Amino acid sequence: MNIELDIAQLIAKGIKATFHQEIAPEELTIQPTKKEFEGDFTLVTFALTKSLKRKPEEIGEALGEYAKNNSELIANYNVIKGFLNLKLSESFWLQTLASITHTKDYGKAPFHGTKVMVEYSSPNTNKPLHLGHLRNNFLGYSVAEILKASGYEVMKTNLVNDRGIHICKSMLAYKKFGQGETPQSAGIKGDHLVGNYYVIFDKENKKQIEQLVAHYQAETPNEDIEKLKEKAGKNTPLILEAQEMLRKWEEGDKETVDLWKKMNGWVYEGFEATYKMMGVSFDKIYYESNTYLLGKNVVEEGLEKGIFFKKENGSVWIDLKEEGLDEKLVLRADGTSVYITQDLGTADYKYADFPMEKSIYVVGNEQDYHFKVLFTILKKLGRNYADGMYHLSYGMVELPSGKMKSREGTVVDADDLIEEMISIAETRTKELGKIDDFSAEEAKNLYRMLALGALKYYLLRVDPKKTMLFNPEESIDFQGDTGVYIQYIHARICSLLRRAEVLNIDYNLANIPNAQQAIKLHQVEIELIKLIASLPKKIKEAAEEYAPSVMADFAYTLSKAYSKFYNELSVFNEPDEASKSMRLALSAETAKAIKTAMGLIGVEVPERM
RNA sequence: GUUCUCGUAGCUCAGCUGGAUAGAGCAACUGCCUUCUAAGCAGUAGGUCGCAGGUUCGAAUCCUGCCGGGAACACCA
């Protein structure tokens, strides 16, 4: 259902009948009427003055009259300057509600099977997940759900960065200082354990840097201190040893590979627990340890096609100046890969795995340049899938104290944060004392639902592209524009529906005799129907813009409208049976729409709270 | 230096494919629980939409310049 389009078509007919001109319905501006004015939808007639050569008021009057006389849809109209406000008939809104009631999965588009891959999360296996990962994971999961609801066949993937020098740092520190510690013996999650050794490496390495700098200064007292620091940073015994370890790993040295396997195993166990708690999942996990050698064939291909060129020292480059970019290295002089080499190869690899029309990379905006280059190269190489690639670039999450810095220990750990939120949800719920009859398990599940709801909503309500502020106090707020508020509205509706069940009230609109005549709709009710009816459009918009914030906003606006309705009108005290049933049906559809929208941002809604 | 990005109420964010008097939430203040869950509702107050030009009947929205914040531009990943 697309009400705006119906109206636009009607108006287009009116223009033809009245002014004898053809204007495509899509060209007309139909928008919701501002609430200060009477009406439901508004046609902006300013835009028509040129082609129709009339005054805006004149056009408005003529088209308003036409619409009212030629369609059951339009009950009334008014013209204010260049705006034609149309009021739709009550019977139309009732029919709309009835038709929504009968539609299964209202709002979701039918499956069209276009394939899309969504890659997100992409953690490093040297430290646990933090707040930044939460935004990434929630975004990726949500976008995947939204695309599914828009009819796509979705493949969720995770490309785990499980090799490289940073992994060796944790491994080396563990080897030196670990004394055989395990997650079991230490009583902490594996990812945290490994992360601790990464920190230890950094600390020990810093000491060595200081020593080295002092040493250098003794030798060359006149050299710039910053230069010495930089030199020292590359030459500490620990760094050299880590590099040696990486070399051994690449050679397949058994001891090194075994240690790598053991420690990565711990990390995966830890990640799995965190992913499960977050409620995200993947259809396929790729590991860089398997893909890091890919891409060299692509370099060969590029050279053959004359798209890449070789410099004297043997390094391979591409010139992207014409595209407004720069020259970019794609293979080192020693023939080893750089980051983008892998990504080129992996792109082919993923496409061979799952021949998709679209491929979305959920990666932070600090890599904007990288993806611009990557996509441009793939296009130049003639990859037919390149046009469907999209970098869902999201902004950083900052704290009131500024940026998160792992070195300064200001990183908000994902597990800690979730745990804290759950505990706050528990305290708050107990204070209110509304679920005293819940079993321990039910209560625990509710706390988790509320905590994750608050967190996900807080992170997803903001436009993904923008840098956002994470204010811990606000994020646990349960009032106003929050996930918990929406969950609360849903729980309240469920409470009404349970009561209707107990009272055995039938609220199937088809069974209401003479509904069209019997029911007089109130403005709040019309507003609600209007909002629910806009769900398909909202899902479409969210999918086109890869913006979960659209769904979050929809759920909040709808919840607020319902709250107003709930306070203004009573359901069970309504003497008119037809109206009572209609309000129940309306409540049920509101709950469904809230559940759908929240589901698309990965938030569950409780039936009681 | 070059490129990208952001700048809307005290704070956090909507609105940006141009349309009416720029909206929410938080914080502040005032009301509303003997009626369906007060994790709620209603209301008051709060704005040079960073600044200056331009395009247009009409600009927070599009274009240009400037100011301010952030980021990227490695034979790192």
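Lettering of chains follows the sequences in order, A, B, ..., and the numbering in each one begins at 1. Predicted model only: the values in this text are computed from it and were never measured.
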Assert yes or no for the condition that the ring centre distance of A/H370 to A/Y339 is strictly below 6.0 Å. yes

If you look at every strand shown and take non-hydrogen atoms under 4.0 Å, does A/N126 touch a base, only sugar-phosphate, or nothing? nothing

Does the side-chain ring of A/Y485 lie flat on the base of B/A39, meaning centres under 5.5 Å and planes less than 30 degrees apart? no

In whole Å, I'd like the distance from the CG atom of A/D368 to the P atom of B/U3. 16 Å

Are A/R332 and B/A74 close enough that a side-chain N or O sits under 4.0 Å from OP1 or OP2? no

Please state how far atom CD in A/E568 lies from atom C1' in B/C41, giving the value in whole angstrom units. 9 Å

Any side-chain N or O of A/R492 less than 4.0 Å from the OP1 or OP2 oxygen of B/A38? yes

Of the candidate nucleotides B/C16, B/G19, B/A39, which contains the atom at the shortest distance from the side chain of A/K466? B/C16

Please name the nucleotide paired to B/C26 by Watson-Crick or G-U wobble geometry with both distances under 3.5 Å, or report none. B/G10

Does the structure show a Watson-Crick or G-U wobble partner for B/C4, both distances under 3.5 Å? Name it, or say none. B/G70

Can we say A/K537 and A/E4 salt-bridge, meaning some charged N sits less than 4.0 Å from an Asp/Glu carboxylate O? yes

Roughly, in whole Å, what's the span from NZ in A/K34 to P in B/A20? 5 Å

Straight-line distance of A/D343 CG to A/I377 CD1, nearest 0.5 Å: 10.0 Å

Test the A/K560-A/F554 pair against the cation-pi criterion, namely NZ or CZ under 6.0 angstrom from the six-membered ring centroid and within 45° of the ring axis. no

Does the side-chain ring of A/F37 sit on the six-membered ring of the B/A20 base, less than 5.5 Å centre to centre and under 30° in tilt? yes

Rounded interatomic separation in angstrom, taking CD1 from A/I489 and P from B/G25: 13 Å

From OH of A/Y458 over to P of B/G25, roughly how many Å is that when rounded to an integer? 16 Å

Decide, for B/C33, between syn and anti: a glycosidic angle within 90° of 0 counts as syn, anything else as anti. syn

Residue mapping more 5' on RNA chain B - nearest nucleotide basis, A/G324 or A/V462: A/G324

Counting any heavy atom closer than 4.0 Å, what does A/T429 reach on the DNA or RNA strands: base, sugar-phosphate only, or nothing? base

Rounded to whole angstrom units, what separation is found between the CD atom of A/Q243 and the P atom of B/A77? 12 Å

Pairing donors with acceptors under 3.5 angstrom, does anything connect the side chains of A/T42 and A/N85? yes

Hey, is A/E577 close enough to A/K580 for a salt bridge, meaning N to O under 4.0 Å? yes

With a non-hydrogen cut-off below 4.0 angstrom, is A/N161 in contact with a base, only sugar-phosphate, or nothing? sugar-phosphate

Which residue lies more 5' along RNA chain B, comparing A/K311 with A/N365 via nearest heavy atoms: A/N365

Determine: side-chain N/O of A/S495 to OP1/OP2 of B/C36, distance under 4.0 Å, yes or no. no

My understanding is that a pair needs two contacts under 3.5 Å, Watson-Crick or G-U wobble. By that rule, which nucleotide pairs with B/A38? none

So if I take every side-chain heavy atom of A/I80 and compare against B/A20, B/A24, B/A39, which nucleotide ends up nearest? B/A20

Could you please name the partner base of B/C49, counting Watson-Crick and G-U wobble pairs only when both distances are under 3.5 Å? none

Candidate nucleotides B/C13, B/C4, B/A39, ranked by approach to the side chain of A/K372 - the nearest: B/C4

Ignoring hydrogens and angles, are the base of B/A20 and the side chain of A/T42 linked by a donor-acceptor pair under 3.5 Å? yes

Base of B/A74 paired with side chain of A/D326 (donor-acceptor, under 3.5 Å): no

Find the distance A/L331:CG to B/C76:C1' and express it as a whole number of Å. 15 Å

State whether the aromatic ring of A/F83 stacks on the base of B/G19, taking stacking to mean ring centres under 5.5 Å apart and ring planes under 30° to each other. no

Select base, sugar-phosphate, or nothing to describe what A/Y369 touches, counting heavy atoms under 4.0 Å on all strands. sugar-phosphate

Looking at every strand, decide which applies to A/V338 at a 4.0 Å heavy-atom threshold: base, sugar-phosphate, or nothing. sugar-phosphate

On the ring face of A/Y292, is A/R163 found with NZ or CZ under 6.0 Å from the centre and within 45° of the axis? yes

Under-4.0 Å side-chain N/O to phosphate OP1/OP2 contact, A/S563 with B/C41: yes

Does B/G19 pair with anything, Watson-Crick or G-U wobble, both distances under 3.5 Å, and if so, with which nucleotide? B/C57

Euclidean distance, atom CZ of residue A/F565 to atom P of B/U37 [Å, nearest integer]: 13 Å

Consider the side chain of A/K434, meaning its heavy atoms from C-beta on, and name the nucleotide among B/A39, B/C26, B/A42 that approaches it most closely. B/A39

